[in-house]
A.B. asks: 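Structure provided below as structure tokens; questions to follow.
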Amino acid sequence: MHEAIAGYPTYQEETVTETTVDYRPMWQSLGLDLEAHDMLLSAIPALYQQAYLTQKDRPEGMSYFDFVMSEIHGLRIKELQDHKAAGGTVIGTFCLYVPEEIIRAFGGVAVGLCAGAEWAYDKVEQVLPANTCALIKSFMGFKLGKVCPYVESADLIIGETTCDGKKKAYEIFGEHAPLYVMELPHMKRAQDMVLWRAELDRLAAKLQEVSGRPLEAGALAKAIREVNDKRRALQRLNAARKASPAPISGLDALLAVQIAFYDDVPRFTQMVNAIADELEARVAAGGGVGAEDAPRLLITGSPMSIPNWKLFDIIEKAGAVVVAEEMCTGSRYYEKLVPETGTTVEEMLDDIAAKYLDINCACFTPNQGRVDDVLRLAKEYEVDGVVDYSLRFCAPYTIEATSLARAVRQAGYPYLSIDTDYSAGDVGQLTTRVEAFLEMID
Ligand code: BJ8
């Protein structure tokens with residue numbers, strides 16, 4: 001059991017199936033379809049149990065994330081309602097390019113809304129082509145099916161012009177929710193930075209309108225520090241994974257980043273630092289997860305949102321350990337920090353603009369930075385192979401797989417390309433492919 005954390009109840013080793021508070025009135029007041037929501041909530045514990053609670057040698061600190069998962073639609077949503085009642089805002093996002101620091105500086109709580117499960121596809125396919133990527137269909141399904149209390153809590157949802165699928169889906173999504181779209185350039189030249197920097201001013205003006213507050217330098221500096229602290233904690237946790245044996249599974253490391261998108265920032269930072277302490281002690285003692293000679297893999301590609309644990313689960317149940325992720329639910333999220341030297345709002349927005357445009361998403365062209373990052377991480381984490389994961393029908397990542405595969409193979413690493421969605425229908429086939437890949441590595 002962990003020490004009590006300021007502002008959060010002490011908790012026991014609870015499981016994801018235990019609920020002590022009746023949240024139904026809250027869900028009803030948010031307009032959820034309670035019957036459909038019950039079905040969703042009854043499915044997640046089984047998935048979590050199968051993927052997470054069957055793992056051996058988990059760090060003790062992961063019990064915090066077990067608890068957070070058990071309260072994903074409960075206590076955290078209650079906290080968001082309390083925050084709103086106290087005059088704050090809840091701002092939904094779908095992409096790494098939306099700066100959380102600016103949202104926080106306006107008294108907002110940023111919550112990631114990308115979803116990792118198939119939901120209400122019957123409704124979704126009335127408005128989107130069936131051959132749309134699972135991430136887009138999923139967020140649309142959670143909205144149309146009225147099962148996401150995060151979407152329904154949001155005062156504003158911020159979209160962005162990344163891939164064509166998202167961009168066009170937002171036009172439909174915006175008919176159902178308060179949506180604002182940022183224009184993200186697709187190149188990184190000087191003129192693109194000018195456009196992007198102006199977009200941050202537009203975003204600030206929009207958030208000022210929604211929150212009723214001005215943007216103050218002190219609040220922005222504090223938000224930059226807090227979000228940097230969160231990223232630094234994740235850097236520590238992930239640096240420990242360079243050790244062999246790895247002190248934490250890829251599944252658990254993935255969960256930490258997935259939860260980073262919606263948990264309370266200072267509390268999350270504190271708990272991740274506690275896990276990092278534990279991992280560093282484990283490494284010093286030579287302890288770890290998986291077999292001594294387990295193949296070490298790097299995964300790169302499309303983001304994986306809760307509860308999309310499918311590929312990690314298959315890989316780790318097949319005997320390998322994922323030690324690094326070049327993904328938005330991975331290193332792209334925590335590797336780079338905003339400088340803490342800015343003193344004026346203008347300087348800080350310049351720094352934020354530069355940090356965010358430096359993310360290497362396949363929506364950009366050219367995108368050599370992603371290749372460089374994959375090769376650098378492969379070397380730093382001493383991996384035995386690279387798995388390139390694309391969501392089916394995602395043109396940016398599936399097309400970029402060609403040049404990435406060439407670079408990875410030229411650098412001497414075995415490479416496996418996986419193209420899948422959120423369904424369980426291909427688990428058997430993926431398992432066979434992963435096992436064959438691991439045999440080849442051996
Ligand atoms: S910064 S990866 S979060 S855009 S998988 S919806 S690209 S068709 S998610 Fe992403 Fe931001 Fe980039 Fe990250 Fe389109 Fe592809 Fe679907 Fe995607």
Side-chain angles (χ1 to χ4, degrees), residues 92-100 103 110-118 121 124 128-143 157-173 179 181-188 192 196 199 203 231 254 257-258 260-262 299-306 308 310-311 325-336 352-353 355-367 369-371 373-374 388-402 404 417-423:
T93 65
F94 291 110
C95 179
L96 226 54
Y97 284 98
V98 179
E100 184 177 351
I103 293 171
V111 291
L113 298 179
C114 288
E118 294 183 347
Y121 274 19
V124 172
L128 294 176
N131 61 353
T132 302
C133 98
L135 190 146
I136 296 171
K137 285 171 87 170
S138 182
F139 76 64
M140 192 68 87
F142 275 61
K143 175 65 206 174
I157 296 175
I158 303 174
E160 73 313 310
T161 56
T162 45
C163 67
D164 287 350
K166 270 180 160 179
K167 211 159 51 189
K168 300 310 287 181
Y170 291 145
E171 293 173 6
I172 300 165
F173 191 89
L179 184 79
V181 178
M182 297 182 74
E183 183 175 355
L184 183 75
H186 288 170
M187 297 179 87
K188 296 182 181 178
D192 300 308
W196 178 235
E199 280 300 294
L203 174 69
R231 298 192 209 274
L254 171 66
V257 182
Q258 289 175 331
F261 285 94
Y262 72 92
I299 303 200
T300 177
S302 308
M304 296 180 184
S305 308
I306 293 174
N308 178 16
K310 181 167 87 170
L311 185 59
E325 301 81 21
E326 190 287 316
M327 322 176 84
C328 289
T329 43
S331 63
R332 275 181 232 148
Y333 180 72
Y334 57 74
E335 270 204 327
K336 290 165 186 160
I352 290 170
K355 183 266 178 212
Y356 278 83
L357 201 61
D358 200 22
I359 296 168
N360 297 316
C361 172
C363 296
F364 279 79
T365 188
N367 194 29
R370 178 170 168 232
V371 175
D373 285 345
V374 167
D388 189 4
Y389 162 85
S390 307
L391 277 174
R392 188 158 301 142
F393 308 123
C394 167
Y397 283 91
T398 45
I399 294 174
E400 203 164 276
T402 303
L404 185 66
S417 173
I418 298 282
D419 171 6
T420 184
D421 57 21
Y422 293 165
S423 78

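Just so it is clear, the model here is predicted, and its values are computed rather than measured. For reference, positions follow the sequence shown, starting with 1. Atoms within each ligand, like the ligands themselves, are counted from 1 in listed order.
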A.B. asks: If you measure from atom 12 (Fe) of ligand 1 to every heavy atom of G112, S305, C361, which option wins on shortest distance?
C.D. replies: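 Considering heavy atoms of G112, S305, C361, the nearest to atom 12 (Fe) of ligand 1 sits in C361.
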
A.B. asks: I'd like to check which ligand 1 atoms, numbered from 1 as shown, lie under 4.0 Å from a non-hydrogen atom of T162.
C.D. replies: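 Reading through ligand 1 atom by atom, the close ones are 4 (S).
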
A.B. asks: With heavy atoms of C328 as the reference, note each atom of ligand 1 found under 4.0 Å away.
C.D. replies: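 Under 4.0 Å from C328, ligand 1 has these atoms: 1 (S), 2 (S), 3 (S), 13 (Fe).
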
A.B. asks: Quick check: does any side chain N or O of K167 sit under 3.5 Å from a backbone N or O of V181, one acting as donor and the other as acceptor?
C.D. replies: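 Judged by distance alone, no pair lies under 3.5 Å.
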
A.B. asks: So, Y170 versus F94, ring centres under 6.0 angstrom or not?
C.D. replies: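 For Y170 and F94, the ring centres are under 6.0 Å apart.
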
A.B. asks: Which protein N, O or S atoms lie under 2.8 Å from atom 16 (Fe) of ligand 1, given by chain and residue number?
C.D. replies: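 Under 2.8 Å from atom 16 (Fe) of ligand 1 - ignoring waters, which are not counted - the protein N, O or S atoms are C133 SG.
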
A.B. asks: Tell me whether K137 is salt-bridged to E118, with the criterion being a basic N under 4.0 Å from an acidic carboxylate O.
C.D. replies: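 Salt bridge: no.
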
A.B. asks: Could you walk me through whether I299 and Y389 satisfy the side chain to side chain contact (heavy atoms under 4.5 Å, CB included) test, starting with their C-alpha distance in whole Å, then the side-chain angles of each, then the deciding distance to 0.1 Å, before giving a yes or no?
C.D. replies: CA-CA 7 Å; I299 303 200; Y389 162 85; 4.2 Å; yes

A.B. asks: Can you check whether D419's main-chain N or O pairs, donor with acceptor, with R392's side chain at less than 3.5 Å?
C.D. replies: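 Yes; judged by distance alone, with no hydrogens or angles, the pair exists.
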
A.B. asks: Flag atom 17 (Fe) of ligand 1 as yes if some protein heavy-atom distance to it falls below 4.0 Å, otherwise no.
C.D. replies: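 For atom 17 (Fe) of ligand 1 the answer is no, since every protein heavy atom stays at 4.0 Å or beyond.
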
A.B. asks: Among protein heavy atoms, which sits nearest to atom 11 (Fe) of ligand 1, and what does the distance come to when rounded to 0.1 Å?
C.D. replies: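 Checked against all protein heavy atoms, atom 11 (Fe) of ligand 1 sits closest to C95 SG, 2.3 Å.
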
A.B. asks: Please answer whether the main-chain N or O of T365 pairs with a side-chain N or O of H186 as donor and acceptor at a distance below 3.5 Å.
C.D. replies: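 No: the side chain of H186 does not pair with the backbone of T365.
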
A.B. asks: Using side chain to side chain contact (heavy atoms under 4.5 Å, CB included), reason through M327 and Y333 one step at a time and then give a plain yes or no.
C.D. replies: CA-CA 8 Å; M327 322 176 84; Y333 180 72; over 6 Å; no

A.B. asks: Number the atoms of ligand 1 from 1 as they appear, then name those within less than 4.0 Å of a heavy atom of Y97, with their elements.
C.D. replies: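 Selected atoms, number and element: 1 (S).
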
A.B. asks: Could you tell me if the ring centre of Y97 sits under 6.0 Å from that of F364?
C.D. replies: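 Yes; F364 has its ring centre under 6.0 Å from that of Y97.
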
A.B. asks: Kindly determine whether T329 and F261 satisfy side chain to side chain contact (heavy atoms under 4.5 Å, CB included), including the steps that lead there.
C.D. replies: CA-CA 9 Å; T329 43; F261 285 94; 4.2 Å; yes

A.B. asks: For atom 9 (S) of ligand 1, state which one of S138, P303, C114, C363 supplies the nearest heavy atom.
C.D. replies: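 Shortest heavy-atom distance from atom 9 (S) of ligand 1: P303.
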
